[in-house]
2 protein chains.
Amino acid sequence: MSTARQTRQREVIVQVLQQAEGPLSAPELLARAQVTLPGLGTATVYRTLKLMQEQGEAHAVHLDGEPMYESSGRGHHHHFSCNGCGRVFSLHSCPVALPRGTVYPGGFVVEDHEVTLYGRCPQCAAQQAQAPAPGVTAG
Amino acid sequence: MSTARQTRQREVIVQVLQQAEGPLSAPELLARAQVTLPGLGTATVYRTLKLMQEQGEAHAVHLDGEPMYESSGRGHHHHFSCNGCGRVFSLHSCPVALPRGTVYPGGFVVEDHEVTLYGRCPQCAAQQAQAPAPGVTAG
DNA sequence: CTATTTGCAAACCCTTTGCGCTGGT
DNA sequence: ACCAGCGCAAAGGGTTTGCAAATAG
């Protein structure tokens, strides 16, 4: 079962994912990894991503319909997607208390959950409050 | 502004969506609608779906990375995706209290949220407890 | 040396778009 | 009659797969 070999490709992919400021889509991950490893192929990224997920080293989140990936080991958290600038932030406090094994009304046994909040990040919220429209002043 | 015409296709698509027990993917919706309207084309489903969303008659949810659609007017609710049978159920009690306008720690203004629970539906949970493997009887 | 891994390219979804014809109003 | 809407089929974007060459152990 020496199945997981240490290759340059995997090394780079893992590193890119760990250094990312947030979740990345496969194409984004590919692009970033190719900076270091120009010849890297699409398939390798997907295969490595699948492998990492099976081994629990990474997991997928779904933001606005796009599957994105992030490195594990940052603890349980969710995401906030800004409707203004489109950036995705990680939330470190979880708005729901649903540990594995919780039984939801009706007999649904919860094993995992995914929460995504949509709205305005601090910056966009501030812009909205201070400058409702371009050219409009507060006076 | 007589933009929205009443056609047999739209009638069927709307009906299928309203009668669905949960959210449907576009291909699923197409298949179900084709039972009634065999000649229905793929593009029509997507175009109608887009139209319905713009008019607020339907909205999209993202389950396991797949965009799925459901008829509006069932109130605020979320989904439970069964890891056993793959079916999706609608949950009528919301595990989070985050009305529009809630300000999340850090200054994030919440406008909307999406919650998906993953686990075992009542049936799959029962099977798991009572029949670990096919062909095994209880006696 | 042997089995795993890679890169390429083709294959596969799913979704969108262009176009001539049908059909609602 | 007019033009929105339809079905078909091609195009597009992301993800998966087959295979020979490359490489880790």
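In what follows, chains carry the letters A, B, and so on, assigned in the order in which the sequence lines appear, proteins first and then strands, with residues in each chain numbered from 1. Note that the coordinates shown come from a computational prediction; the quantities given were computed from them, not determined experimentally.
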Visitor: In Å and rounded to the nearest 0.5 Å, what is the CD1 to CG distance from Ile13(B) to Leu49(B)?
Guide: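 Here the interatomic distance stands at 7.5 Å.
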Visitor: Measure the distance from CD1 on Ile13(B) to P on dC6(D) and round it to the nearest whole Å.
Guide: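 My rounded result for the distance is 7 Å.
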Visitor: Between P on dC6(D) and CD on Gln34(B), what's the gap in Å once rounded to a whole number?
Guide: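 Between P of dC6(D) and CD of Gln34(B): 14 Å.
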Visitor: With a 3.5 Å cut-off and just heavy-atom distances, do the side chain of Arg8(B) and the base of dG5(D) make a donor-acceptor pair?
Guide: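 Under the 3.5 Å cut-off, the side chain and the base do not form any donor-acceptor pair.
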Visitor: To the nearest angstrom, how far is Arg47(B) atom CZ from dC8(D) atom C1'?
Guide: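 Interatomic distance, CZ of Arg47(B) to C1' of dC8(D): 10 Å.
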Visitor: Report the distance from atom CZ of Phe108(A) to atom SG of Cys124(B), rounding to the nearest 0.5 Å.
Guide: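 Spacing of CZ (Phe108(A)) from SG (Cys124(B)) equals 10.5 Å.
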Visitor: What is the separation between atom CD on Gln55(B) and atom C1' on dA4(D), rounded to the nearest whole Å?
Guide: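 After rounding, the gap between these two atoms is 13 Å.
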Visitor: Could you check how far CG of Leu30(B) sits from P of dG7(D), rounded to whole Å?
Guide: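 Computing the Leu30(B):CG to dG7(D):P distance gives 10 Å.
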Visitor: Closest to the Leu40(B) side chain: dT16(C), dC19(D), dG7(D)?
Guide: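 Nearest to the side chain of Leu40(B) among the choices is dG7(D).
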Visitor: Hey, are His79(B) and His62(B) close enough side-chain-wise for a donor-acceptor pair under 3.5 Å?
Guide: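 Checked: His62(B)/His79(B) side chains show no N/O donor-acceptor pair below 3.5 Å.
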Visitor: Is there side-chain contact between Leu24(A) and Val16(A), with at least one heavy-atom pair below 4.5 Å?
Guide: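 Yes - at least one pair of side-chain heavy atoms lies under 4.5 Å apart.
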Visitor: In whole angstroms, how far is the C1' atom of dC6(D) from the CZ atom of Arg5(B)?
Guide: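 After rounding, the gap between these two atoms is 12 Å.
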Visitor: Think Thr7(A) has a side-chain N or O under 4.0 angstrom from the OP1 or OP2 of dT6(C)?
Guide: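 Result: yes.
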Visitor: Under 4.5 Å between side-chain heavy atoms, hopping through other hydrophobics if needed: is there a path connecting Tyr69(B) to Leu91(B)?
Guide: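 No, Tyr69(B) does not connect to Leu91(B) through the hydrophobic network.
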Visitor: Closest-nucleotide mapping onto DNA chain D: is Ala43(B) or Arg10(B) further toward the 5' terminus? I mean the 5' end.
Guide: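 The 5'-side residue here is Arg10(B).
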Visitor: Assign each of Val45(A) and Tyr69(B) to its nearest nucleotide of DNA chain C by heavy atoms, then name whichever residue's nucleotide is nearer the 5' end.
Guide: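 Of the two residues, Val45(A) wins.
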Visitor: Verify the contact: side-chain N or O of Thr44(A) to OP1 or OP2 of dG7(C), cut-off strictly under 4.0 Å; return yes or no.
Guide: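 So the side-chain polar atoms of Thr44(A) do come within 4.0 Å of the phosphate oxygens OP1 or OP2 of dG7(C), strictly under.
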Visitor: What's the closest nucleotide to the Pro27(A) side chain, out of dG14(D), dG7(D), dC8(C)?
Guide: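 Selected nucleotide (nearest to the side chain): dG14(D).
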Visitor: Rounded to the Å, how far apart are Leu29(A) CG and dG14(D) P?
Guide: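 After rounding, the reported distance stands at 14 Å.
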Visitor: Using heavy-atom distances to pick each residue's nearest nucleotide on DNA chain C, tell me which of Glu66(B) and Gln6(B) is more 5'.
Guide: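 The residue whose closest nucleotide sits nearer the 5' end is Glu66(B).
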Visitor: The side chain of Lys50(B) is closest to which nucleotide in this list: dT17(D), dT17(C), dT6(C)?
Guide: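 Of dT17(D), dT17(C), dT6(C), dT17(C) is nearest to the side chain of Lys50(B).
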Visitor: Roughly how many Å is it from CG in Leu37(B) to P in dG23(C), rounded to a whole number?
Guide: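 Result: 12 Å.
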